[in-house]
Amino acid sequence: MKKAQVQTLETIGVLIFFFVLLGLGMVFYYRFQAQSLSVEEREQQSLMAIRISQQISSLPELECSKYSGSSEFACIDIIKLEIAKTLIKNNPSYYSDIFFFSNIVIQQVYPSGPDILLYREVPKEYKNYQEEDIPQIKIPVPVELYDPSTETSNYGILRIAVYT
Amino acid sequence: MMKKAAIEIQFHWIFVSIAGIMILGLFIFLVMRQQITYESRTSISIASDLRTILVGAQTATRTLNDLDIPQTKVKFECDLVGEQKIPYSIFSIGNHPEEIKSQVIFSPPEIDTSKLRAWSYDWSLPYKTNNFLFIAIPQERIILVEKSSQKSKSLCQMINKTLPEKLNIRYVQPNVPPSLTDLQDQNNQIETIIFCDFDPAINPSPSDVPSKLNPKYSRAISIKPTSDDLEKGTIRFFKATKTGYIPVEDEKSYAGSALIFGAIFSPEPIFFECNKKKALTRYHLVSDIYWKKTEALKGSISGDPNQIADCRDLYDQANRKLKNLADKSKNDLNEIYLDAKSIEAISDQLQRKSCPLIY
Amino acid sequence: MKKCQKENQKFSYVKLKKVSQMEMMGMVIVVVLLSIALFLVISFQVGTKPKSVQKEYEYSQLASNTIDVLLKTHIKECKLDYDDVLRDCSFLKKLSCQQIDSCTKIQQVTTEILKKTLEPEYKNRYYFTAKYGGETKIKIGTECQANIKTKSFPLPSEIGTLIEVKLDLCV
């Protein structure tokens with residue numbers, strides 16, 4: 001009986017040890033997975049930021065047209081910009097499909113001028129946070145700010161910040 | 001003692017079996033959960049990548065992009081739902097759907113290939129309001145059928161000239177071999193037959209039927225322009241059979257050549273109508289901007305008083321038309337086309353008088 | 001009989017002790033192998049840096065768009081666009097922008113724009129030049145030592161020669 005008990009205990013001991021190892025292995029594996037998922041999530045958010053920047057650069061609501069006849073890439077018509085600001089605000093569900101959770105500002109660099117907020121939609125969990133405290137991916141894109149009434153262009157920066 | 005040993009061995013084996021089954025069960029459970037998680041993760045990742053690729057392809061207008069995607073089944077759906085017939089459009093990979101609210105994409109309903117062709121073309125009436133994206137697979141063929149009339153010839157030639165060369169296009173002319181019936185089956189998954197400015201007869205003569213093509217993969221449309229510039233007219237969808245063509249639903253209207261291509265790349269009428277409605281939603285929004293821009297230009301123009309008066313008069317004329325185009329309740333493409341033509345004429349005059357352009 | 005039983009017991013006790021020792025050794029080997037495997041995996045993960053698609057896109061956009069937009073910018077004091085003022089600075093030197101010569105004006109405008117566009121992220125890590133006929137007319141920033149994202153734009157002058165406008169981002 002004693003020998004059998006010892007053998008059974010030995011088997012149980014081996015099993016416990018095995019499960020402890022398995023548990024440790026699983027903990028390491030899932031931590032590794034979690035880290036890899038967060039890297040992938042970050043990549044996806046970067047892709048989204050790039051997507052938004054590409055879309056804005058060719059948005060019919062903003063793009064300029066000049067006497068040359070062709071539309072220009074990375075050129076924003078400032079008269080349309082002022083109107084689009086209100087239009088986007090009045091149609092949030094439509095434009096949230098394009099801009100998602102992001103903050104899009106046009107900075108007038110030369111000559112200096114006030115920043116123009118085109119779109120801002122913050123995820124629910126960050127509603128009460130300050131802008132600087134919300135995790136975001138930023139992409140600055142230099143753009144031409146074209147005034148069709150004077151046919152001149154100013155230098156601006158399209159600042160896109162995608163909330164992560 | 002022998003009996004004890006015998007019982008001990010049996011109990012030992014029972015114990016080992018139970019423990020083994022439990023461990024095996026645990027591993028199988030973990031592997032199955034991992035597989036589900038992995039499939040979901042892959043679907044989401046591919047969907048996001050595909051979305052980025054489609055946006056990129058759509059950004060540059062009138063360009064054809066050959067896209068390499070992971071070999072996976074992608075489904076595209078576009079339907080009008082509810083009493084108000086609101087467009088609901090998605091693409092899905094596995095069990096993961098992604099809604100496409102603003103992008104207008106004409107594509108086969110299901111794609112299971114690693115190579116796609118994405119062609120973008122702007123819908124300008126008269127100003128650009130959208131870049132339509134057309135998705136084709138390498139095993140797809142477009143057959144243009146011309147009849148003996150100038151309009152038919154012009155339409156077929158316009159379509160042939162505009163579609164990218166890389167697409168597999170066949171042009172069938174009257175009394176010029178090969179005829180429709182001579183066309184060989186190339187094992188294509190999609191065959192689209194386009195009848196330029198005529199409806200195919202419901203019981204056509206044998207020479208007017210592509211009898212060697214597999215009707216499972218064939219469909220036909222007829223495009224009948226009602227304006228001289230071919231930019232306005234009607235489209236009808238047909239189901240192709242071995243012996244003829246069966247019309248599917250009533251005629252649909254179009255305005256702007258981009259919608260002609262939309263019909264060519266739509267698998268069925270509802271897909272076309274759904275995307276058309278999405279396009280019109282954007283059209284009204286962009287027209288609203290141009291309407292208000294014209295008001296702003298009217299107020300900000302400076303220079304010679306005579307020139308200012310001329311420019312303002314033209315802006316007033318344009319504004320009346322733009323107000324109609326911005327009206328979300330006005331979806332008659334005939335009226336939209338006429339207003340767009342008026343604005344185009346006004347824009348030419350603005351250019352001649354050196355007034356700041358509306359678009 | 002009793003002597004036999006005692007000897008059997010002693011033998012099985014010794015055998016049991018050796019078997020246990022062997023099993024312990026087996027477990028130790030398993031643990032050691034697992035530790036080595038984990039160590040390799042972790043060191044591999046730490047060693048590889050994740051590529052940033054967004055950063056690459058940002059560099060290429062900044063480098064190309066900065067020059068494209070800069071050349072189209074209207075300089076109010078000169079009543080001309082940047083590219084025309086640059087041409088004057090390179091070749092004719094006739095222009096006066098509210099009593100400032102074209103080269104000084106170009107230098108001022110470019111410095112202001114690049115500072116607001118590229119700083120603070122790229123502080124002192126960019127190099128802008130405009131060269132004509134082998135001579136550097138405008139120079140802003142410090143030359144990059146390694147890893148450059150560059151965009152160059154050949155601007156035709158009035159007599160058909162080229163003014164080379166270049167922006168290097170030190171990444």
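Keep in mind that the numbers below use all heavy atoms, side chains included, and drop hydrogens, waters and symmetry copies. The chains referred to below are lettered A, B, ... by the order of the sequence lines, with proteins before strands, and numbering in each begins at 1.
Options T66(C), I75(C), L34(C), D68(C) differ in how many heavy-atom pairs under 4.5 Å they form with chain A, and the most are formed by T66(C). In terms of heavy-atom pairs under 4.5 angstrom with chain C, the leader among I50(A), L24(A), L21(A) is I50(A).
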Walk me through whether L70(C) and Y110(A) qualify under side-chain contact (heavy atoms from CB on, under 4.5 Å).
CA-CA 10 Å; L70(C) 189 64; Y110(A) 184 87; over 6 Å; no

Run the side-chain contact (heavy atoms from CB on, under 4.5 Å) test on K72(C) and C75(A) for me, step by step, so that the C-alpha distance in whole Å, both residues' side-chain angles and the decisive distance to 0.1 Å come before the verdict.
CA-CA 10 Å; K72(C) 291 175 192 166; C75(A) 176; over 6 Å; no

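Checking side-chain atoms of N65(C) against main-chain N and O of V141(A) turns up no donor-acceptor pair under 3.5 Å.
A 6.0 Å sphere centred on NZ of K131(C) holds no more than 12 heavy atoms belonging to other residues, nucleotides or ligands. For NZ of K93(C), the number of neighbouring non-hydrogen atoms (other residues, nucleotides, ligands) closer than 6.0 Å is greater than 12. Under a cut-off of 6.0 angstrom, the local environment of NZ in K139(C) is sparse, with at most 12 non-hydrogen atoms contributed by other residues, nucleotides or ligands. Open room surrounds CD on Q99(C); 12 or fewer heavy atoms of other groups in view lie less than 6.0 Å from it. Within 6.0 Å of CZ on F19(A) lie more than 12 heavy atoms contributed by other residues, nucleotides or ligands. Residue E125(A) qualifies as enclosed at atom CD: its count of foreign heavy atoms under 6.0 Å is above 12. In K124(A), the NZ atom is not crowded: 12 or fewer heavy atoms of neighbouring residues, nucleotides or ligands sit closer than 6.0 Å. Shown here is F28(A), whose CZ atom has no more than 12 heavy atoms of other residues, nucleotides or ligands within 6.0 Å.
Only the side chain of R159(A) comes within less than 4.5 Å of a heavy atom of chain C; its backbone N, CA, C and O stay farther away. Only the side chain of E77(C) comes within contact range of chain A, with heavy atoms under 4.5 Å apart. Heavy atoms closer than 4.5 Å to chain A are found in both the backbone and the side chain of L62(C). Both the backbone and the side chain of Y155(A) come within contact range of chain C, judged by heavy atoms closer than 4.5 Å. For chain C, no part of L145(A) is nearby; none of its heavy atoms comes within less than 4.5 Å.
Looking at heavy atoms from C-beta onward, M27(C) lies in side-chain contact with V14(A) at the 4.5 angstrom threshold.
Separating the NZ atom in K79(C) from the OG1 atom in T152(A) is a distance of 13.0 Å, to the nearest 0.5 Å. Atom NE2 in H74(C) sits 10.0 Å away from atom CG in D147(A) (nearest 0.5 Å).
Closest heavy-atom contact between V109(A) and K116(C): O-NZ, 3.3 Å. Listed here is the closest heavy atom pair of P142(A) and T117(C): CG-CG2, 4.2 Å. In plain terms, the two heavy atoms of E58(C) and I139(A) that are nearest each other are OE1-CA, 4.4 Å.
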